[in-house]
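Notes follow the structure.
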Amino acid sequence: MSIANPNPMPLLNVERLSKSYGSHHVLKGIDMSVAAGDVTCIVGPSGSGKSTLLRCLNYLEVPDSGAIFLQGEPVGMRWRGEKLYRMSFNELSVQRQKMGMVFQGFNLFPHKTALENVIEAPVIVKGIGKAQAAEEGMALLDKVGLKERAHYYPRQLSGGQQQRVAIARSLAMQPTLMLFDEPTSALDPELVGEVLSVMRQLAEEGMTMVVVTHEMSFARDVADHLIFMDGGVIVEAGAPNDVLSRPQHARTQSFLARVL
């Protein structure tokens, strides 16, 4: 668990966020904030809106209403006078560089090596020279324990190794915030630990993280704040030990009784 940030201004602030698909109301006025350096874990049953919330944070899904602010700046929107307008694709692409995202699937380029996957965005998007990008990419692969696999292709790597490459790829853009959408759910049980170990290390180093997860022990040990979602709303939130050991809401109690 990271040390509490003395700065009261949240790095991420979400206000009354709503999202529907047709008549299906997935998010129903979500309010949440994340302080710089904190880890927030989001748990809940399938279909509760967890992944949709995460995808809305960086506008992979466009919210129907509400607002998201990163470091005080609106996400996906820009001020014009006193009104907010939707960002252009190019403007949004620049803003998304501040938010790394790791998905359930690894989404690596199959025809590129681990190192080539890591340096692709810094070279293409940021215009960093290949030599510098390769040096920094090797350092990131070393950070996730895969320096010796730098020149392996995804098909030559285990699922856990591929996910660690995906984490290194996100870190290569030097994001302010890391978003993890159930990063271990596609892994065999014996490979989960190696990915969680990297995430624990990032938390210890002060990386701000929002993690959708089913790994309750990780949430208890690493998170500063735990959110339980169901039916598109935040049912209960607080310190992990409080929510997991002394849940106040009947729905939280029912869910935890099945998963703990």
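Both backbone and side-chain heavy atoms feed into the values below; hydrogens, waters and symmetry mates do not. Here, residue 1 is the first one in the sequence, and each next residue gets the next number.
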What's the spacing between Q97 CD and T176 OG1 if we round to 0.5 Å? 10.5 Å
Qualifying residue, where the test is side-chain contact (heavy atoms from CB on, under 4.5 Å) with M178 and the options are V210, V102, T208: V102
Donor-acceptor pair, distance only, cut-off 3.5 Å: does the side chain of N117 make one with the backbone of K112? yes
Qualifying residue for side-chain contact (heavy atoms from CB on, under 4.5 Å) with R169, from I119, N107, V144, L141: N107
Could you tell me whether the side chain of K50 and the main chain of M229 form a donor-acceptor pair under 3.5 Å? no
Looking only at atom types and distance, does a side-chain atom of D188 sit under 3.5 Å from a main-chain N or O of E190, one as donor and one as acceptor? no
Is there a side-chain contact between Y59 and M99, using heavy atoms and a 4.5 Å cut-off? no
Contact summary for R155 and P110, nearest pair of heavy atoms: NH1-O, 4.1 Å
So, the side chain of E182 versus the backbone of Q104: is there a donor-acceptor pair under 3.5 Å, distance only? no
Donor-acceptor pair, K19 side chain versus V62 backbone, under 3.5 Å? yes
Please tell me if the side chains of D31 and R16 come closer than 4.5 Å, counting only heavy atoms from C-beta onward. yes
Just so I know, are the side chains of L11 and Q71 near enough to count as touching, which here means a heavy-atom distance under 4.5 Å? yes
Any sub-3.5 Å donor-acceptor pair from Q161's side-chain atoms to S158's backbone N or O? yes
V192 side chain reached by F218 side chain, heavy atoms, under 4.5 Å: no
How close do A219 and L226 get, heavy atom to heavy atom, and via which atoms? CB-CD1, 4.0 Å
Under a 4.5 Å cut-off applied to non-hydrogen side-chain atoms, are F106 and L187 in contact? yes
How far apart are the C-alpha atoms of K98 and E73, what are their side-chain angles, what is the distance that settles it, and do they pass the salt bridge (Lys or Arg N to Asp or Glu O under 4.0 Å) test? CA-CA 12 Å; K98 298 180 180 180; E73 294 295 324; over 6 Å; no
Can you find a heavy atom in the side chain of M199 that is under 4.5 Å from one in the side chain of V222? no
Will you find, in the side chains of E91 and Q95, an N or O donor that is under 3.5 Å from an N or O acceptor? no
Counting only heavy atoms not in K130, do more than 12 sit closer than 6.0 Å to its NZ atom? no
Is Q174 atom CD crowded by more than 12 heavy atoms from other residues, nucleotides or ligands, each under 6.0 Å away? no
CZ (R164) and CG (L191) are apart, to the nearest 0.5 Å, by 9.0 Å
Can you name the nearest heavy-atom pair linking E236 to R246, along with the distance? OE2-O, 4.3 Å
To the nearest 0.5 Å, how far apart are CG in L54 and CZ in F180? 10.0 Å
Any donor-acceptor pair under 3.5 Å linking the side chain of H25 with the backbone of L27? yes
For L140 versus A172, what's the shortest heavy-atom pair and its separation? CD1-CA, 3.4 Å
Residues L70 and L12: closest non-hydrogen pair is CD1-CD1, 4.4 Å
With C56, the side-chain contact (heavy atoms from CB on, under 4.5 Å) member among S18, P63, S51: P63
Check whether more than 12 heavy atoms from other residues, nucleotides or ligands sit under 6.0 Å from atom CD of Q253, and answer yes or no. yes
With distance as the sole test, does K28 use its side chain to make a donor-acceptor pair with the main-chain N or O of G231 at under 3.5 Å? yes
Atom CZ of F89 with >12 non-hydrogen neighbours under 6.0 angstrom: no
Is there a side-chain contact between I167 and L202, using heavy atoms and a 4.5 Å cut-off? yes
So, do H225 and M32 sit near enough that their side-chain heavy atoms are less than 4.5 Å apart? no
Between D224 and V39, is there a donor-acceptor pair closer than 3.5 Å when you use the side chain of the first and the backbone of the second? yes
Please report the shortest heavy-atom distance between P175 and S170, naming the atom on each side. CD-O, 3.4 Å
Using atom types as modelled and distance alone, determine if a side-chain donor or acceptor of Q163 lies under 3.5 Å from a backbone N or O of T184. no
